[in-house]
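For reference, the structure is listed below as structure tokens.
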Amino acid sequence: MKSFFKKISNFVRTIQAHRRMPLRLEFILSDYCNLNCKGCTHYSPLAAKEFETLDTLNRDAEHLGCTVGADIADVYLIGGETLLYPHLPEAMDIMRRHFPASKISLFTNGLLLPKMDNTFWEATRRNNIVISITIYPIPFDYDAALATCDSHGATYEIFGDRTLEGSFLRFSLDPAKRHNPRIAHFKCFNRGCISVVNGKVYPCSISACVSHLNRACATDFKHLPGDMLDITDITDIRQIKNLRDRPVPFCGYCNPNPSPTDYGPSKRDPREWVD
């Protein structure tokens, strides 16, 4: 009996901890990437070379900044590979203008950092942007990339080291939607990755980017009412909190038990993502 009540108590504490998580918004600049990682949760190996327009980015950031910006602790510029975005200095200016008090991070695999021009570095300093670098198990001199950041007076951090054992997981979807959405949501590894793209807000990148999988592999993962928010309908931070903290219909596709996998190149095989 004590064991039963302990499990219930732990469950309640976990739910409460989830709901106390600081809110962040992840603005997807593009899912196109210069790496080709098997099982990428943005489906980058399948994505076309397409970029969010500055007009759309500014429109979405302006509305969210005005309506909920004061409650957003972190703003991410994310991809794909963000350093491929052709209007990156302007994108950083937009984010800082509409989220003046938030920590703004630019996520990158770092490969292009030694090639970035002074306009890029000036924009990172001007807007107090943190360059968040993820290390991958590839032949690349990350120490030299960090030295480049230092030489330009840029603020940076190592967000994740994917060379560590167990750092890659296979996040799979079931086309028959047989998973319990509540369990999938409770165990979700992507909790809090609130993704903003093309006028909509999604609870995670898998949901936000699944159209790449559908187009490339002829799958048919659908969005239903409640799976996302139209940005123009957002007037209160509670709408975003509810999207993050409650299961949505799309959660029924998600395997709640992702399996460890080795890093490797994608073969664009649907089995990398689909059960």
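Side chain of S266 to main chain of R268: a donor-acceptor pair is present (N/O by atom type, distance under 3.5 Å, no hydrogens or angles). Looking at N36, its side chain never comes within 3.5 Å of a backbone N or O of P45 through a donor-acceptor pair.
Residue R96 comes nearest to A101 through the heavy atom pair NH1-N, 4.3 Å, listed as atom of the first residue, atom of the second, then distance. The heavy-atom pair separating H98 from A61 by the smallest distance is CB-O, 3.5 Å. For the residue pair L243 and P203, the shortest heavy atom distance occurs at O-CB, 3.7 Å. Taking both residues in full, the closest heavy atoms of G79 and D31 are given as C-OD1, 4.3 Å, listed atom of the first, atom of the second, then distance. Looking at every heavy atom in both residues, C204 comes nearest to S195 through C-OG, 3.4 Å. Scanning all heavy atoms of the two residues, the minimum distance from P114 to G110 falls at CD-O, 3.8 Å.
At a cut-off of 3.5 Å, with distance as the only test, no side-chain donor of S205 or E26 sits close to an acceptor on the other residue. With hydrogens and angles left out, the side-chain atoms of T134 and N109 include no donor and acceptor closer than 3.5 Å. Using modelled atom types, one finds no donor on one side chain facing an acceptor on the other under 3.5 Å when comparing D55 with T53. N214 and T219 share a donor-acceptor pair across their side chains, judged by distance under 3.5 Å alone. In summary, the side chains of N255 and H179 do not present any donor paired with an acceptor at a separation below 3.5 Å, with no hydrogens or angles considered. The closest side-chain donor-acceptor pair between H185 and D245, if any, does not fall under 3.5 angstrom.
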Sequence neighbours left out, cut at 3.5 Å: what donor-acceptor pairs do the side chains of residues 63-71 make with other protein atoms?
residue : atom : partner : partner atom : Å
H63     : NE2  : I231    : O            : 2.9
H63     : NE2  : I234    : O            : 2.8
T67     : OG1  : H63     : O            : 2.8

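Taking 4.5 Å as the limit, some side-chain heavy atom of L25 sits within range of a side-chain heavy atom of F99. Proximity of F140 to I135: side-chain heavy atoms (C-beta onward) are nowhere separated by under 4.5 Å. Side-chain contact between L173 and I206 is present, with heavy atoms from C-beta onward closer than 4.5 Å. Under the 4.5 Å side-chain criterion, counting only non-hydrogen atoms from C-beta, I94 is in contact with L54. With contacts defined as side-chain heavy-atom distances shorter than 4.5 Å, the pair L88/T119 does not qualify. Counting heavy atoms from C-beta outward, E272 and R170 have side chains that stay 4.5 Å or more apart. In this structure, F221 and P175 have side chains that are in contact, with non-hydrogen atoms separated by less than 4.5 Å. Contact of the F171 side chain with the N190 side chain is registered, since non-hydrogen atoms from C-beta on lie closer than 4.5 Å.
The aromatic rings of W273 and Y43 are tilted relative to each other, their planes meeting at an angle between 30° and 60°. A parallel orientation is assigned to the rings of H223 and F250, their planes being inclined by less than 30° (bins at 30° and 60°). Note: F168 and Y136 have tilted aromatic rings, judged against thresholds of 30 and 60 degrees for the angle between ring planes.
Salt bridge status for D93 with R126: present, with a side-chain N to carboxylate O gap under 4.0 Å. Salt bridge R178/D174: present, at least one basic N to carboxylate O contact under 4.0 Å. The pair R271-D269 counts as a salt bridge, with a side-chain nitrogen and a carboxylate oxygen less than 4.0 angstrom apart. Salt bridge E90/R97: absent, no basic N to carboxylate O contact under 4.0 Å.
Grouping the Ile, Leu, Val, Met, Phe, Trp and Tyr side chains by contacts below 4.5 angstrom, directly or via other members, places L35 apart from F107. The hydrophobic cluster containing F120 also contains L111, counting ILVMFWY residues as joined when their side-chain heavy atoms lie under 4.5 angstrom apart, directly or transitively. Side-chain heavy atoms closer than 4.5 Å link hydrophobic residues (I, L, V, M, F, W, Y) into clusters, and following such links, even through other members, never connects Y76 to L83. Hydrophobic clustering of Ile, Leu, Val, Met, Phe, Trp and Tyr side chains at less than 4.5 Å, counting indirect connections, keeps L29 apart from F159. Put simply, F51 and I28 are part of two different groups of oily side chains (I, L, V, M, F, W, Y) that touch within less than 4.5 Å, one to the next.
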Residues T261, K38; criterion side-chain contact (heavy atoms from CB on, under 4.5 Å); working and verdict: CA-CA 9 Å; T261 186; K38 177 179 67 178; 3.5 Å; yes
Verdict with reasoning, D161 to T163, per side chain to side chain donor-acceptor pair (under 3.5 Å): CA-CA 5 Å; D161 187 346; T163 66; 2.5 Å; yes
Decide salt bridge (Lys or Arg N to Asp or Glu O under 4.0 Å) for D227 and K200; before the verdict, give the C-alpha distance in whole Å, the side-chain angles of both, and the deciding distance to 0.1 Å. CA-CA 10 Å; D227 277 328; K200 298 186 185 300; over 6 Å; no
Checking side-chain contact (heavy atoms from CB on, under 4.5 Å) for the pair S132/Y156: CA distance, chi angles, key distance, verdict? CA-CA 6 Å; S132 293; Y156 64 87; over 6 Å; no
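A 6.0 Å sphere centred on CG of D262 holds no more than 12 heavy atoms belonging to other residues, nucleotides or ligands. Heavy atoms from other residues, nucleotides or ligands lying under 6.0 Å from CZ of R238 number 12 at most.
How far CZ of R244 is from CZ of R246: 12.0 Å, rounded to the nearest 0.5 Å. Taken from CD in E62 to CG in L57, the straight-line distance is 11.5 Å, to the nearest 0.5 Å. Remark: N180 CG to C254 SG distance equals 12.0 Å, nearest 0.5 Å. One distance of note links CE of M92 with CG of L106; it measures 6.0 Å at 0.5 Å rounding. Here the straight-line distance linking atom NZ of K222 with atom CG of D220 works out to 3.0 Å at 0.5 Å rounding. The CG atom of L169 sits 5.5 Å away from the CZ atom of F189 when rounded to the nearest 0.5 Å.
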